[in-house]
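Report on the structure given below.
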Amino acid sequence: MFVSLSSFTIANDTEASVKEAFKNRPHLVDNAPGFQKLEVLSPQDSPNELWLMTYWDDEESFKTWYKSHQYQDSHKGIPKDTKLVPGSVKIRYFTKVSE
C-alpha cells in the first residue's frame with residue numbers, strides 16, 4: 001500500500017469554509033484506479049492546519065491520479081479567498097508496513 005500525506009496551514013481564517021469544502025467534496029478521486037480512501041485531519045492544537053492522507057494500492061496509481069485533469073478539478077471546491085502560510089505546504093510519501 002502507498003500513502004500520500006500532504007499538509008498545509010491556512011493563513012487567513014478561512015479554515016471553517018475549507019473544512020466544509022472537504023466535507024462536501026465532489027468525490028472525484030473515489031473511482032480512480034487504485035484509490036482506497038481519503039482522510040482529512042486537523043490537529044486540535046492547530047485548527048488552521050489540515051492533513052490529507054490518501055491511501056492507494058500502489059505509487060503508480062497515485063501518480064496517474066496526480067497527473068490527471070480530475071485531480072485539478074477536485075481542487076475547484078476550495079474557497080477562492082483561501083490563503084496559505086508561505087512554505088507550509090508539505091507532501092510526503094509512505095509505504096505502509098503494517099496495521
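Side-chain atoms are counted along with the backbone in the values below, which use heavy atoms only and exclude waters and symmetry mates.
Taken from OH in Tyr55 to CD in Glu39, the straight-line distance is 4.0 Å, to the nearest 0.5 Å. If you take NZ on Lys63 and CG on Asp58, they are separated by 10.5 Å, rounding to the nearest 0.5 Å. The distance from the NZ atom of Lys80 to the OG1 atom of Thr14 is 12.5 Å, given to the nearest 0.5 Å. Rounded to the nearest 0.5 Å, atoms OG (Ser98) and CE (Met1) are 11.0 Å apart. Atom OG of Ser17 is separated from atom CG of Asn24 by 11.5 Å, given to the nearest 0.5 angstrom. Distance OG/Ser4 to CZ/Arg92: 11.0 Å, rounded to 0.5 Å.
The same ILVMFWY cluster, assembled from side-chain heavy atoms under 4.5 Å apart, contains both Ile78 and Tyr71. Note on Leu5: it does not cluster hydrophobically with Tyr66, by side-chain heavy-atom contacts below 4.5 Å among ILVMFWY residues. Under a hydrophobic-cluster definition in which Ile, Leu, Val, Met, Phe, Trp and Tyr are linked whenever side-chain heavy atoms come within less than 4.5 Å, directly or via other members, Val89 and Tyr93 are assigned to the same cluster. Put simply, Trp51 and Val85 are part of two different groups of oily side chains (I, L, V, M, F, W, Y) that touch within less than 4.5 Å, one to the next. Hydrophobic clustering (side-chain heavy atoms under 4.5 Å, transitive across Ile, Leu, Val, Met, Phe, Trp, Tyr) keeps Leu50 apart from Phe94.
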| Stepwise side-chain contact (heavy atoms from CB on, under 4.5 Å) check, Trp56 with Thr64 | CA-CA 11 Å; Trp56 300 85; Thr64 299; over 6 Å; no
| query | Yes or no on side-chain contact (heavy atoms from CB on, under 4.5 Å) for Glu49 and Phe8, after CA distance, side-chain angles and deciding distance? | reply | CA-CA 6 Å; Glu49 189 176 330; Phe8 58 89; over 6 Å; no
| query | After noting the C-alpha distance and the side-chain angles of Val3 and Thr54, does the key distance pass the side-chain contact (heavy atoms from CB on, under 4.5 Å) rule? | reply | CA-CA 6 Å; Val3 179; Thr54 56; over 6 Å; no
| message | Set out, in order, the CA-CA distance, both residues' side-chain angles and the distance that settles salt bridge (Lys or Arg N to Asp or Glu O under 4.0 Å) for Asp30 and Arg25, then state yes or no. | response | CA-CA 11 Å; Asp30 293 8; Arg25 67 186 182 85; 3.1 Å; yes
| query | What do the steps show when you test Phe22 against Leu52 for side-chain contact (heavy atoms from CB on, under 4.5 Å), and what is the final call? | reply | CA-CA 10 Å; Phe22 276 108; Leu52 285 68; 3.4 Å; yes
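Ring centroids of Trp65 and Phe35 are separated by 6.0 Å or more, keeping the two rings apart.
Judged by distance alone, the side chain of Asn12 and the main-chain N or O of Asp81 form a donor-acceptor pair under 3.5 Å. Between the Ser88 side chain and the Thr9 main chain, a donor and an acceptor come within less than 3.5 Å of each other. Between the side chain of Ser46 and the backbone N or O of Pro43, no donor-acceptor pair lies under 3.5 Å. Remark: side-chain polar atoms of Asn48 are paired, donor with acceptor, to backbone N or O of Ile10 under 3.5 angstrom.
With no hydrogens or angles considered, a side-chain donor-acceptor pair links Lys19 and Ser42 at under 3.5 Å.
Counting all heavy atoms, side chain and backbone alike, Leu84 lies closest to Ala11 at C-CB, 3.8 Å. Closest non-hydrogen pair, Ser61 versus Gly34, comes out as OG-CA, 3.6 Å.
Within a 6.0 Å sphere centred on NZ of Lys96, heavy atoms belonging to other residues, nucleotides or ligands number more than 12.
Using a 4.5 Å heavy-atom cutoff, the side chains of Gln70 and Val29 are not in contact.
Under the 30°/60° scheme for interplanar angles, the aromatic rings of Phe62 and Phe2 are found to be tilted.
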